[in-house]
Amino acid sequence: MTTISKRGARIASFVLVATLVASCGLPRSGPSKKEIFAGSVQNEGDAFIVSVNSRVTRATAVQPVLGFSQSFLNAGVVGSDTINPGDTLGLLIYENVDDGLLAAAGANATALDEVQVDGQGFIFVPYAGRIMAAGNTPEGLRRIITNKLDTQTPDPQVIVRRLAGDGSTVSLVGGVGSQGLYAIERPTRTLSSMIARAGGIALPPEVAQITVIRGSHRCTIWFEDLYTNPEFDIALRGGDRILIEQDSRAFTVLGSTGAQNRLEFETQTLSAIEALAQVGGLNANIADPTGVFVFRNEPAEIANQVLGRTDLQGQQRVVYVLDLTEPNGMFEARDFVIRDDDTVYVTEAPFVTWSKTISTLTGSLGTVSALANIADNN
């Protein structure tokens, strides 16, 4: 039987451990910068690798366009006092006698709650008969009812209120103080006043969106724009549906950062620096500030502009590279806009990978010595 020398056993053991380390990948949070670049179109991959500069920043600074169509903006204010078929009215009738036509014994007032205006526009009032309400204002209807009762009870006093109904009403749902059905009345003929009537919004104003659905038309604006652009305070129409909801855009942060997570937008616009700040910035112990990547499916029109081409069609995989160590690197990262579904990834510093390799090999010396001792003892 051939005896293996002590030196030979140590060398063979070390080679074995080094081979195992090389073949079994080291623990890490994702691909290295070199591996990302290897997947570029230039290397027969399927992604365009683009270094961010001021030209790229301008070309990619695209945000969702929100606003009302001309049909919404040009709509005139509804005559808020006009009663329509489907409206619900509240009547309060006072009689100047102890034993009136309508009032109960010992009372001089009668409340007729929820009097429905029928499809033809009529209501029925006891002792006044069937009265055309649609097309009248509450004040006009009050006079009609008063005149009809005046011949049967002395000096009647009538109050007419228009309640929520199917006519000139709107519904508010979502992030408002009080969801429900609201009548369009004199103080609530516009969008902002109706939202105020419902208790205001219950969402962070920076990311709140207002959607107005009118028939088959649907338009959305930012809540903040409602007050910065007076033209967006549109006149409401009966049957409008108003939805208040939070911005649904989100992005993902991975790699050598303070945390790895999928996050919602906290403002209307979000830069790469702000996106990193939301997860605690770069991990100072392992992050490579030259390897901040933004992965995105870019529309063809933007991809062509960024790459100086005209032949690309459909969405393109684009990886934007930010080097924070360059003279203008921080400024470019501050100006580069993050968009919905972006993935922000920070690579590990090369030193970290090297340290992991050395640590793994050093930690394996005990295994090397053990193998050598076994060889010596045989």
Side-chain angles (χ1 to χ4, degrees), residues 63-69 71-92 111-117 137-139 141 159-250 263-270:
Q63 293 297 320
V65 178
L66 302 181
F68 288 127
S69 64
S71 62
F72 280 70
L73 297 175
N74 296 334
V77 175
V78 172
S80 62
D81 292 334
T82 303
I83 298 171
N84 296 290
D87 280 350
T88 303
L89 306 177
L91 306 181
L92 186 60
L112 301 178
D113 295 327
E114 297 187 3
V115 177
Q116 185 76 33
V117 182
T137 64
E139 173 59 23
L141 182 60
I159 297 175
V160 178
R161 297 177 297 118
R162 191 156 58 99
L163 309 176
D166 297 329
S168 295
T169 60
V170 300
S171 60
L172 280 89
V173 296
V176 290
S178 179
Q179 303 181 75
L181 190 69
Y182 294 88
I184 300 177
E185 300 172 322
R186 183 176 295 276
T188 57
R189 292 182 293 180
T190 63
L191 181 58
S192 64
S193 60
M194 186 61 76
I195 292 175
R197 173 67 181 82
I201 65 168
L203 297 172
E206 299 84 1
V207 290
Q209 294 180 348
I210 304 172
T211 299
V212 178
I213 304 171
R214 180 174 297 170
S216 60
H217 299 285
R218 179 189 186 107
C219 291
T220 301
I221 64 168
W222 294 104
F223 173 75
E224 290 184 332
D225 289 347
L226 178 60
Y227 293 94
T228 57
N229 297 306
E231 65 175 358
F232 285 167
D233 195 14
I234 59 172
L236 297 177
R237 291 285 185 271
D240 281 355
R241 290 170 289 167
I242 303 171
L243 172 63
I244 312 295
E245 56 187 348
Q246 186 167 332
D247 181 13
S248 61
R249 293 176 301 161
L263 303 169
E264 296 179 345
F265 279 56
E266 295 181 350
T267 54
Q268 290 185 28
T269 59
L270 185 72

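For the single chain, residues carry numbers from 1 onward in sequence order. Below, all heavy atoms of this structure are taken into account, side chains as well, without hydrogens, waters or symmetry copies.
- Within the model, atoms CG of L236 and OG1 of T190 stand 6.5 Å from one another, a figure rounded to the nearest 0.5 Å.
- Rounding to the nearest 0.5 Å places CD1 of I201 at 8.0 Å from CD1 of I195.
- Of all non-hydrogen atoms in R237 and D240, the two that sit nearest each other are N-OD2, 2.9 Å.
- Annotation for E114: atom CD does not count as buried by contact number, only 12 or fewer foreign heavy atoms lying within 6.0 Å.
- Looking at every heavy atom in both residues, A235 comes nearest to A75 through CB-O, 3.7 Å.
- For A208 against L203, the heavy-atom pair with the smallest separation is CB-CB, 4.2 Å.
- Pairing each heavy atom of D225 with each of T228, the nearest pair is CA-OG1, 3.2 Å.
- Rounding to the nearest 0.5 Å places CG of L191 at 5.5 Å from CD1 of I234.
- The heavy-atom pair separating G215 from R241 by the smallest distance is O-NH2, 3.9 Å.
- Residues R218 and L243 have side chains in contact (heavy-atom distance under 4.5 Å, counting atoms from C-beta outward).
- In this structure, D233 CG and S192 OG are separated by 3.0 Å, a value rounded to the nearest 0.5 Å.
- Counting only distance, with no hydrogens or angles, the side chain of R197 and the backbone of I184 share no donor-acceptor pair below 3.5 Å.
- Just one of F68, F72, F223, Y227 meets the ring-ring contact (aromatic ring centres under 6.0 Å, His included) condition when paired with F232; it is F68.
- The nearest pair of heavy atoms linking M194 to I242 is CG-CD1, 4.4 Å.
- The line from CD of E224 to CD of E206 is 5.5 Å long, rounded to the nearest 0.5 Å.
- Taking CD of Q116 as the reference point, atom OG1 of T88 lies at 4.0 Å (rounded to 0.5 Å).
- Within a 6.0 Å radius of CZ in R214, more than 12 heavy atoms belonging to other residues, nucleotides or ligands are found.
- For E264 (side chain) and S248 (main-chain N/O), no donor-acceptor pair under 3.5 Å exists by modelled atom type.
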